[in-house]
Protein chains: 2
Amino acid sequence: MNSDVNRSPPLGRVTIADVAREAGVSVPTVSKVVNGRYGVAPATFKRVTEVVAALGYETSLVAASLRRQRTNVIGILVPEFESFSAELLKGISTAATGTGYELLAYSALAPGGISAGWERRSLSRLAGTLIDGAIIVTPTLLMPTTSIPVVAIDPHDGPGGPSTIDSDNIGGARVATGHLIELGHRRIAHIRGRSDLASAQLREAGYRESLENAGIPFDSTLVCDGEYQAALTAKAARELLMRPDRPTAVFAANDMSALGVLDAARELGLRVPEDVSVIGFDDVPEAASSKPPLTTMAQPLLDMGAQALRMLVKLLDGEDIPNHVQLPAELVVRASTGPAPIGF
Amino acid sequence: MNSDVNRSPPLGRVTIADVAREAGVSVPTVSKVVNGRYGVAPATFKRVTEVVAALGYETSLVAASLRRQRTNVIGILVPEFESFSAELLKGISTAATGTGYELLAYSALAPGGISAGWERRSLSRLAGTLIDGAIIVTPTLLMPTTSIPVVAIDPHDGPGGPSTIDSDNIGGARVATGHLIELGHRRIAHIRGRSDLASAQLREAGYRESLENAGIPFDSTLVCDGEYQAALTAKAARELLMRPDRPTAVFAANDMSALGVLDAARELGLRVPEDVSVIGFDDVPEAASSKPPLTTMAQPLLDMGAQALRMLVKLLDGEDIPNHVQLPAELVVRASTGPAPIGF
DNA sequence: CTGTTAGCGCGTTCAT
DNA sequence: ATGAACGCGCTAACAG
């Protein structure tokens, strides 16, 4: 079935065949010109180049990647685009300019929330053909072997997987809790993060250690789950703050949950930090513009993204990279923490 | 899983052929099972499903998209991932959850900065096969016809193109300039944005109108180019602020350039807002955490992204959508603007 | 119900 | 220097 009838040029996408026909040469010749290969007469080269420009032709990533082994595209796999991954993306983008790699950020956005194994499915869908390597943000699965080079940011952890980047979660949590203790707080609650992430477990561990070091007995009723999300946290925090023996301070596992605590406090008419102190983790941009501005443990998110990209590029170049890179977390004191109220 | 005795996956990616071989069926049968089509015997279905799970197979987006007409993937084309596009991305992501569409954000990251026509090339690379529709951020080209549905955010403008979304740039600029005038400023400089974008031109127009309405003569020496970038702006602003007859206020075309002005002022030992007032545009997250926090015209970036996505989905469903949607820009007064210094 | 055939758009040997 | 033939992984149409 030769349905290759001449169609008017700009109806659909311009394919390599359109260029070939227009330039009066064969398809492979166009391919050679486009890919800068030798073996094309200067005159032909010029004519084809002109037609390419005139028609605005660009090789289809899909078709090319299917045939070729290398695409020069780096994939960034995220569960969704929110503040945390967006910051990483900025850092990645900055570090990627000039490397010759293109960036493809992908989110499968499962309807019923983030489903287990999303990273494996996403990787399978893109790897091998579309992307040369991937940066995976908050993977929850152990992926001992992957078909392409991978660097993970803030992963579930575990040995034998890809190289990982995170910040000093346990140390940061100690500092955060210590900050509250120094302010005189004794009843300090903790909103836990996503249980499938090492960062959440380490932050809880740091919280408990810090309590213990200060001789404050651990009270399990002061710990609840926020899953790193503002809405979920607000609900849990409301109950916590309505108790007669409510905590005077809350260490939220990340900024989004800290913002949730702020919401809950506002609803209940509690003043921050006069009635309750709140500290978060991440230093996402929103932390600076909340009311009051959030005291938090800053993770160098831009740096983490940039380093991840550099590591992945090295990996793609066949160089060795460290198995694990940890960046520091720093206390940023804003206005959501203050001295413990007297009488508590 | 039951049998973790995975026979080592064929080195690379697991393909449909691997599954077929392992399950003892033909490739199309696997395809049918994977895509949930009818016409497969229960026993076969079960066996294939098991092999798929054991091998961790997932259909390649690339191969499937090449053959299929619809991929259920929406592309978001950006020149680079920075604060502005990142905010839009968050809004898009939120609006996309539950729609059944996956998100693919793409940045070609041209080495020598953003090159003209990037959006056309990017679209050509992805459209037709990989993505069903696209949201293009700050396109500078007129694209009267595209092969797939497109919605543009903050475009170069021009009739006949795709549906566009922006905020009230000219009105916002009037308000911004008016804010400075009300504070008593008369020598007000303007840092222009990217000349290839309508938003930049409209903001300059609003600035000039506002000046004229207040009876302040336009002084072309008070206008310089910042290209929406902090570094470029800082350089230009330094010269501006070193002049003996320096302006007492600066309206920067966006927040990034406003931050550049802040940098320049700091370098020169000028206090903001005591010596110079600075106002930006966008209300990017960074604006709230600068020193001093930036007064700016807030664009509803999350909303703009969300609306763009909803419009694109309607377009993909064959519904009609407005040709142009404009959202309001609102003055957010922080700490970078104050009364004009006396004696100027 | 299952397997066979035929491409999708492109890049790559080989022949000319 | 150029073109014909083939294959990448997958799926739509049909044949069996």
Side-chain angles (χ1 to χ4, degrees), chain A residues 1-4 7 11-21 23-48 52 55 57-73 124-132 147, chain B residues 9-21 23-48 52 55 57-73 124-132 147-148:
Chain A
M1 286 226 287
N2 294 332
S3 55
D4 283 6
R7 306 180 66 181
L11 260 179
R13 222 185 69 80
V14 180
T15 78
I16 198 170
D18 297 324
V19 176
R21 194 185 316 115
V25 298
S26 72
V27 167
T29 301
V30 176
S31 176
K32 282 179 192 167
V33 170
V34 168
N35 295 303
R37 307 237 147 175
Y38 295 102
V40 178
T44 310
F45 185 91
K46 184 163 176 291
R47 188 164 70 255
V48 171
V52 165
L55 262 50
Y57 168 76
E58 189 80 7
T59 72
S60 156
L61 221 203
V62 170
S65 69
L66 195 56
R67 193 71 188 84
R68 241 179 189 159
Q69 56 277 37
R70 186 128 184 185
T71 59
N72 264 13
V73 176
S124 273
R125 264 169 93 62
L126 304 184
T129 37
L130 233 201
I131 57 179
D132 292 344
S147 53
Chain B
L11 266 78
R13 228 182 63 80
V14 180
T15 76
I16 198 171
D18 298 324
V19 177
R21 194 181 317 115
V25 297
S26 73
V27 167
T29 301
V30 177
S31 176
K32 283 177 194 166
V33 170
V34 168
N35 293 305
R37 318 212 110 194
Y38 296 102
V40 178
T44 310
F45 186 92
K46 184 162 177 289
R47 188 166 69 254
V48 170
V52 165
L55 263 48
Y57 168 76
E58 189 80 5
T59 74
S60 157
L61 218 205
V62 170
S65 70
L66 191 58
R67 195 69 189 82
R68 241 180 188 150
Q69 57 278 34
R70 186 130 184 183
T71 59
N72 264 14
V73 176
S124 267
R125 261 169 99 60
L126 304 184
T129 37
L130 234 202
I131 57 179
D132 292 344
S147 52
I148 56 171

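Chain letters run A, B, ... following the sequence lines, proteins first and then strands; every chain starts at 1.
- Between Phe45(B) and Arg68(B), the residue anchored closer to the 5' end of DNA chain C is Phe45(B), taking for each the nucleotide with the nearest heavy atom.
- Nearest heavy atoms, Val14(A) versus Leu55(A): CG2-O, 3.6 Å.
- Comparing the local axis fitted to the first five base pairs of the helix from dG3(C)-dC14(D) to dT16(C)-dA1(D) with the one fitted to its last five gives a bend of 40°, rounded to 10°.
- Taking side-chain N and O atoms only, Thr29(B) has a distance below 4.0 Å to OP1 or OP2 of dG3(C).
- With sequence neighbours left out, Ala63(A) forms a side-chain contact (heavy atoms from CB on, under 4.5 Å) with Ser60(A).
- The CG atom of Leu130(B) sits 13 Å away from the P atom of dC10(C) (whole-angstrom rounding).
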Pair Leu61(A), Leu126(B) - check side chain to side chain contact (heavy atoms under 4.5 Å, CB included), show working.
CA-CA 6 Å; Leu61(A) 221 203; Leu126(B) 304 184; 3.7 Å; yes

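- Between Val34(A) and Tyr57(A), the shortest heavy-atom distance links the atoms CG2-CE2, 4.0 Å.
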Go through it in stages, so that I can follow the logic: the residues are Ile131(B) and Ile148(B), the test is side chain to side chain contact (heavy atoms under 4.5 Å, CB included), and I'd like the CA-CA distance, side-chain angles, deciding distance and then a yes or no.
CA-CA 8 Å; Ile131(B) 57 179; Ile148(B) 56 171; 3.8 Å; yes

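- Among the atoms of the strands shown, base atoms are found under 4.0 Å from some heavy atom of Ser26(A).
- Rounded to whole angstrom, the span from the CZ atom of Arg125(B) across to the C1' atom of dC10(C) amounts to 12 Å.
- Heavy atoms of Val25(A) sit under 4.0 angstrom from primed sugar atoms or phosphate atoms, though from no base atom.
- Under the 3.5 Å distance criterion, the side-chain polar atoms of Thr71(B) are left unmatched by any main-chain donor or acceptor of Ser65(B).
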Please tabulate, one pair per line, all N/O donor-acceptor pairs under 3.5 Å involving side-chain atoms of residues 23-32 of chain B, not counting sequence neighbours.
{"residue": "Ser26(B)", "atom": "OG", "partner": "Thr29(B)", "partner atom": "OG1", "Å": "3.0"}
{"residue": "Ser31(B)", "atom": "OG", "partner": "Asn35(B)", "partner atom": "ND2", "Å": "3.3"}

Applying side chain to side chain contact (heavy atoms under 4.5 Å, CB included) to Val48(B) and Val40(B), what does each step give before you reach the verdict?
CA-CA 10 Å; Val48(B) 170; Val40(B) 178; over 6 Å; no

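- Within residues 30-40 of chain B, the residues that have a heavy atom under 4.0 Å from DNA chain D are, in order of number, Ser31(B), Asn35(B), Arg37(B).
- For Ala63(A) and Pro28(A), each mapped to the nucleotide of DNA chain D holding its nearest heavy atom, the one lying further toward the 5' end belongs to Pro28(A).
- If you measure from atom OH of Tyr57(A) to atom P of dG9(C), you get 11 Å, rounded to the nearest angstrom.
- Sorted by first and then second residue, the salt bridge (Lys or Arg N to Asp or Glu O under 4.0 Å) pairs with a member in residues 33-46 of chain A read Lys46(A)-Glu50(A); sequence neighbours excluded.
- Nucleic acid contact for Thr129(B): none, since no nucleic acid atom lies under 4.0 Å from a heavy atom of the residue.
- From the 5' end on, the contacts that DNA chain D makes with chain B at under 4.0 Å to a non-hydrogen atom open and close at dG9(D) to dA12(D).
- If you measure from atom CZ of Arg67(A) to atom C1' of dC8(C), you get 14 Å, rounded to the nearest angstrom.
- Here the side chain of Asp132(A) pairs no donor or acceptor atom with the backbone of Arg70(A) at under 3.5 angstrom.
- The line from CZ of Arg68(B) to OG1 of Thr129(B) is 14.0 Å long, rounded to the nearest 0.5 Å.
- Remark: Ser65(B) is not in phosphate contact with dC8(C), judged by side-chain N or O atoms under 4.0 Å from OP1 or OP2.
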